[in-house]
Number of protein chains: 2
Amino acid sequence: MLFHFRDKFPLLNPFWDKYLEYQQRLELPAKTVLLEEGKVSGQYIFIEKGCVRLFFNNDGNDKTVQFFFENEGLTSFESFVNNAPSAFTIETIEPSVVYLLPKQYVTQLMDELSHEPDFLKMMMQLSSLRQTHYINEFVSFIRDTPEERYQKLLTDRPHIVQRVPQHYFASYLGVSTVHLSRIKSKLAKGKLHF
Amino acid sequence: MLFHFRDKFPLLNPFWDKYLEYQQRLELPAKTVLLEEGKVSGQYIFIEKGCVRLFFNNDGNDKTVQFFFENEGLTSFESFVNNAPSAFTIETIEPSVVYLLPKQYVTQLMDELSHEPDFLKMMMQLSSLRQTHYINEFVSFIRDTPEERYQKLLTDRPHIVQRVPQHYFASYLGVSTVHLSRIKSKLAKGKLHF
DNA sequence: CCCTGACGATAACATATGTTATCGAGTTCA
DNA sequence: TGAACTCGATAACATATGTTATCGTCAGGG
């Protein structure tokens, strides 16, 4: 659903509501591919239940870039905007319920909204948030050790550690699965003062 | 100058021109601080000549996040938009000539422009570019080795390697200065088939 | 013209991390 | 229920990388 945007700028609500009917609701098993690397992104994805990951393939072993959970929306942004082949695959991690809104309606909706003054503000706000997110990911790599990144993941976004298989977020943290295992056992030992 | 944006959407040119007079031209020596970490960003910076870097301090040794050269504009985006203390310092690397446009005029300009239909397109395009840039930086860390990142810097943005002191882009690449030196000498040896 | 500081190369050593292989616990499915 | 598969822990070894220290070159300022 477009609930992702609902109520952030109440004046825009009528627009979201108008497009609800064009969405397709899907119940998907785990490991279902929603967008394949190399294909052009043709829809906006909203997650009602479950979680998905964005990853790319690197000589056989894949590297996860981002995770999405309930009430979050996503698409391969660059592919979507530029009609270019996606650099990433999108795949469910858990059995999930998602809503898909085909690109033509997204475009149409954007055109309608472009006349609304609040829309620009919303887009600026959203793009500032996204940008900050990715800058922080990047900065974390030049500032923190993998161990620190793991600990920040634990405190800042524990749901990832709890719900996502470890080998998926190992690549996200930039380490091998073996080393992530080492980090965990080292931290576990550190806690054992009794 | 706002030449950064000029001619990208010709219909918007009159707006840029109108604000040219509010800019302050400065000739600065190397290592001049333009924005200090912890202070709120109060101006948009445009580089006419020279180059600057964006960095943050990490227990005494600083980490460079990004470089800017002639005809590029910058600000500490998050600080500027949210009126929040900047996480980064901005400093000249070479003796430089810059133009500063105070925040009040930027805000005023944005308000005027928000009524122009082309402006939204331009902002979307710019934000898509920025986002892609930072995603690529991030992805490079989980896909490439430091050696590969150095080689890509050499081929994709050779001006950085040529004009920027090595210890600045070492931290940008996520390695120590010593290791960057090792990488260079290793690559130099590789070339010596004669 | 010398002194100093900025910059970069290199060595030696310690630590972090990747790779490969093996094992075991759960889950899924026929 | 048994076979196949997914997931994660661990060991052993090789390599990558950080840290500290030393040295040489070069440019700028007195």
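As the structure is a prediction and not an experimental result, all values here were calculated from the model. Order of the sequence lines sets the chain letters (A, B, ...), proteins ahead of strands, with each chain counted from 1.
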J.: Determine: side-chain N/O of A:Lys184 to OP1/OP2 of D:dG8, distance under 4.0 Å, yes or no.
T.: no
J.: Could you tell me how far apart B:Leu180 (CG) and C:dC7 (C1') are, to the nearest whole angstrom?
T.: 12 Å
J.: Could you please name the option among D:dT17, C:dG8, C:dT19 that lies closest to any side-chain atom of B:Ser181?
T.: C:dG8
J.: May I ask you to verify whether the side chain of B:Arg182 and the base of C:dG8 hold a donor-acceptor pair under 3.5 Å?
T.: no
J.: With side-chain hydrogen bond (donor to acceptor under 3.5 Å, both in side chains) as the criterion, how do A:Gln131 and B:Tyr134 come out once you've worked through the C-alpha distance, each side chain's angles and the decisive distance to 0.1 Å?
T.: CA-CA 7 Å; A:Gln131 195 174 314; B:Tyr134 290 116; 4.6 Å; no
J.: In whole angstroms, how far is the C1' atom of D:dT17 from the CD atom of B:Glu147?
T.: 13 Å
J.: Return the value, rounded to whole Å, for the distance between atom NZ of B:Lys189 and atom P of C:dT10.
T.: 7 Å
J.: Send over the distance from A:Leu173 CG to C:dT17 P, rounded to a whole Å.
T.: 12 Å
J.: Determine: side-chain N/O of A:Gln166 to OP1/OP2 of D:dT6, distance under 4.0 Å, yes or no.
T.: no
J.: Rounded to whole angstrom units, what separation is found between the CG atom of A:Asn61 and the C1' atom of C:dG18?
T.: 12 Å
J.: Do the side-chain N and O atoms of A:Glu21 and A:Tyr105 include a donor-acceptor pair separated by under 3.5 angstrom?
T.: no
J.: Assign B:Ser185 to base, sugar-phosphate, or nothing according to its heavy-atom contacts below 4.0 angstrom with the strands shown.
T.: sugar-phosphate
J.: Could you report the tightest heavy-atom contact between B:Ser171 and B:Thr64, atom names first, then the distance?
T.: OG-N, 2.9 Å
J.: Identify which one of B:Leu28, B:Thr89, B:Ile90, B:Val52 satisfies the side-chain contact (heavy atoms from CB on, under 4.5 Å) criterion when paired with B:Val33.
T.: B:Thr89
J.: So which nucleotide from D:dC7, D:dA11, D:dA9 ends up closest to the side chain of A:Lys31?
T.: D:dC7
J.: Let me know the distance between CD of A:Glu148 and P of D:dG18, rounded to the nearest Å.
T.: 14 Å
J.: Taking the side chain of B:His179 as its heavy atoms from C-beta onward, which of D:dT17, D:dA9, C:dC7 lies nearest to it?
T.: D:dT17
J.: The side chain of A:Val175 is closest to which nucleotide in this list: D:dT19, D:dA11, C:dG18?
T.: C:dG18
J.: Atom CZ of B:Phe141 to atom P of C:dT17: distance rounded to whole Å?
T.: 14 Å
J.: Under a plain distance cut-off of 3.5 Å, with no hydrogens placed, do A:Ser41 and A:Thr75 share a side-chain donor-acceptor pair?
T.: yes
J.: Grab the CG-P distance between A:Asp59 and C:dT19 for me, whole Å please.
T.: 10 Å
J.: Reckon A:His167 has a side-chain N or O less than 4.0 Å from the OP1 or OP2 of D:dG8?
T.: yes
